[in-house]
Structures are given as C-alpha cells and as structure tokens.
Amino acid sequence: MKAEDFILKNYNSSVESGSVKWESPSNIALIKYWGKKENQIPENPSISFTLSNCKTITKLTYTKKETKDFSFDVYFEGEQNEAFKPKIQTFFERIEAYVPFLREYHFKIETSNTFPHSSGIASSASGMSALALCLMSIERSLSVVEVTDKAFYQKASFLARLGSGSACRSIEGELVVWGQNESTESSDLYGIKFEGEVHSNFNNYQDTILLVDKGEKQVSSTVGHKLMFGHPFAQQRFAQAHDNLAKLKAVLASGDLQGFVKIVESEALTLHAMMMTSMPYFILMKPNTLEIINKIWKYREENNSNVCFTLDAGANVHVLYPENEKESVLKFINNELADYCQNGHFITDFVGNGAQLIEN
Ligand code: DP6
C-alpha cells in the first residue's frame, strides 16, 4: 500500500449527522520507536504489547455545516478543553487529504481516559487511535463501496500514525509491528498485527505501571525524536532495532523468557541512552526509576524470576512478567516498589486484544 491508496474517493455527502464511540488501549513498546522522518515515517521498526486497562474512550458527534474550515469542540472528562485543540488541529491538517469529509462537519469530541490524567502515562497513543477509529466509522457510513474490516483497521492505523506515531500500534492486539523490516510482515505507514509464532509463556503477559513521576515531561517525545537527526549513534541504533526485532521474533516463538528480558531491558536503556547522548542532552529517569530498576534486578536474581522492566519516554517504570508469576510479583511490588511511586500509585494491566466499537 502507498499513502495515496488511503485517499477516500467516493462518498455520500447527504448524511446530515450521527455519532460514534470507540475505546482504544495504550500500548507498551518492546522494541522502541525513537527517531522519525517526514510525515511520521519511523526511522526503525518497533513492536509493542497492546494493553487492556489503560484506555481512552472517545465519542465523536458530527453535524453537517456550511463553512469550509475545520470546526470541532473538545470535551475531556465532561468539561470543555482548549488545551487538546492544537494537537487535534494538527492531526486534522495531516489527515485531511485522506479524509475529505473533515471540513464538511462540525465535530464534538468527548473523551476520557481510564487512567488518571496526570499520571505521566502518555495518552496520545490511546487518544489518537480512538479518534482515528471514530473517523473511520464515519468514513464507513459515508462510503459508497463496502469497507472491509482489513481495510478499516489498516486505514485507522494509518490515520492514527499521523496523530502520534506509536498510536498506530494501538488498534489491534496482542503484539503489533510498525516499520519496514526484514523479519516480519510490515509497513512504515501503519501497524500490523504480529502473526508470527508466540509461545504460551507470553499469554496474558502482565504489565504493572509504576507511577514514579506524574508531572509534565520536561522534553516531549516529538522533540526527542527530532534530536535523533544528526545524533552520533543514530545509524547504529536504527540497525540495532532491526537486529533486536529479529532476535525477539525467535524469542517469542521459543518462549525463551530470559532472552526476552535481555532484549526488552536493553531496548529501554538504549532509548534513554539516546536521550542522554543527544545534543541538547536530557534525562527523563528520576532517582526512583533507578531505585526500582535495581530492586527488580535483585529480586530477579534472588527469586529465579523472569520479571523485567521497560520504560517509555518518561520516569515511570513498566514491570513486565509472565502470568504465572502474578501473585509473587504483585506481592514484591506492594512490599518493595510501591514506596518509590508517587502516593504509592501503580496500575495493573496486561496484554489485550485492541480497540472496541462501543456505539455506532
Ligand atoms: C518512547 O508516538 O509519542 O514511547 O510520533 O511524535 O507522537 P510522536 O511520538 P510518540 O513516541 C513514542 C516513543 C516511545 C517509544 C515507542 O512507543 O515505541
């Protein structure tokens, strides 16, 4: 597929109004996307677990209008929200060519998250994927030809990517690959459900998110990606991501949990190493992030455990572990890690199946 193939050509303009509602999950990358080209094209492939509990729920109400500008209102958790508008305006500008009915309607966007707003959990992946899915449902009802499920999800992921890169991995489950590579079926334009073999060791994999720092990040992902331009280690890093994806594919098939731990933790630390070695350099980890990492290493060593950590672009720690260690690891988190979280706050989650239509 090329980008042009996603342009909606024939549609029925006589639909006056309607509404649609989707819920869409967050995701956690195992191989990290860090660095992008123009038009949200990733510099390297990434793969993520789709989550279950951390979700955005978005209702989109559309009403035909006469003027030809973009027109939308945003309500977050029931209250009108101006702060989200610029990001949505940029999203609309990027996707307009593919969704030509955008200027024909006024949109009321009502959105909320299942996780606390100021938790430091990026809501852009779940938020942008939920909005992209709502727009796709409208497209489906206006389209004069039948839109297959495959085409629907592919374009939803394509649109979500233009909102936020990692959002393209939040449409389906349980593992999603994004970015051209030699090991899996893939595209730079949208995420694809990983269809390789996955050992039962990875069934219902657990992710407990330790909320170390709930504040606003000092450096946004968008700025961080840009700092990979001219980064002294960029090319080696991009090559490493390809290599790690090939290795992870073999690990997923064989059920090699120790191999999984090595790749996933190395990816997390490499991501942060890229931040620390860019110009300007920055550090998003906090002292408690490091305390937690050391505790996890000690626990793993002493208990013959396969628990490991990963990080996204922030100080929070995702604790990943197999379902059969759920009881023991949760005890460890409660007893030894919760103290390092802001107000002792953490969120228990696990791998999920992707977004769901709530109302059409
Ligand atoms: C560290 O998808 O938030 O979480 O495309 O600029 O919106 P934009 O960036 P974003 O970057 C996420 C980076 C990451 C790694 C990952 O999810 O793969």
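Only heavy atoms go into these numbers, but all of them, side chains included; no hydrogens, no water, no symmetry mates. Order of appearance sets the numbers: ligands from 1, and atoms from 1 within every ligand.
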Is it true that atom NZ of Lys226 has more than 12 heavy atoms of other residues, nucleotides or ligands lying nearer than 6.0 Å? no

Sidechain-backbone polar pair: Ser305 side chain, Arg300 backbone, donor-acceptor under 3.5 Å: no

Select one of side chain, backbone, both or neither to describe which atoms of Asn27 lie under 4.0 Å from any atom of ligand 1, heavy atoms only. neither

Does only the side chain of Ser164 get under 4.0 Å from ligand 1, or the backbone, or both, or neither? Count heavy atoms. both

Considering both backbone and side-chain atoms of [X], is one of its nitrogen or oxygen atoms within less than 3.5 Å of a nitrogen or oxygen in ligand 1?
X      : answer
Lys36  : yes
Gly165 : yes
Thr222 : yes
Trp34  : no

Near Ala313 (heavy-atom distance under 4.0 Å), the atoms of ligand 1 are 1 (C)

At a 4.0 Å threshold, what atoms of ligand 1 neighbour a non-hydrogen atom of Ala29? 16 (C), 17 (O), 18 (O)

Say whether [X] and [Y], considering side chains only, have a donor N or O and an acceptor N or O under 3.5 Å apart.
X     : Y      : result
Thr58 : Thr111 : yes
Gln40 : Lys36  : yes
Gln89 : Glu93  : yes

Given Met128, Arg169, Lys226, Lys32, which has its nearest heavy atom closest to atom 16 (C) of ligand 1? Arg169

Apply the test side chain to side chain donor-acceptor pair (under 3.5 Å) to residues Asp73 and His106: give CA-CA distance (whole Å), side-chain angles for both, the deciding distance (0.1 Å), then the verdict. CA-CA 8 Å; Asp73 292 315; His106 172 76; 3.2 Å; yes

Please name the residue in the list Asn44, Thr270, Thr310, Asn244 that meets the side chain to side chain donor-acceptor pair (under 3.5 Å) test with Lys32. Thr310

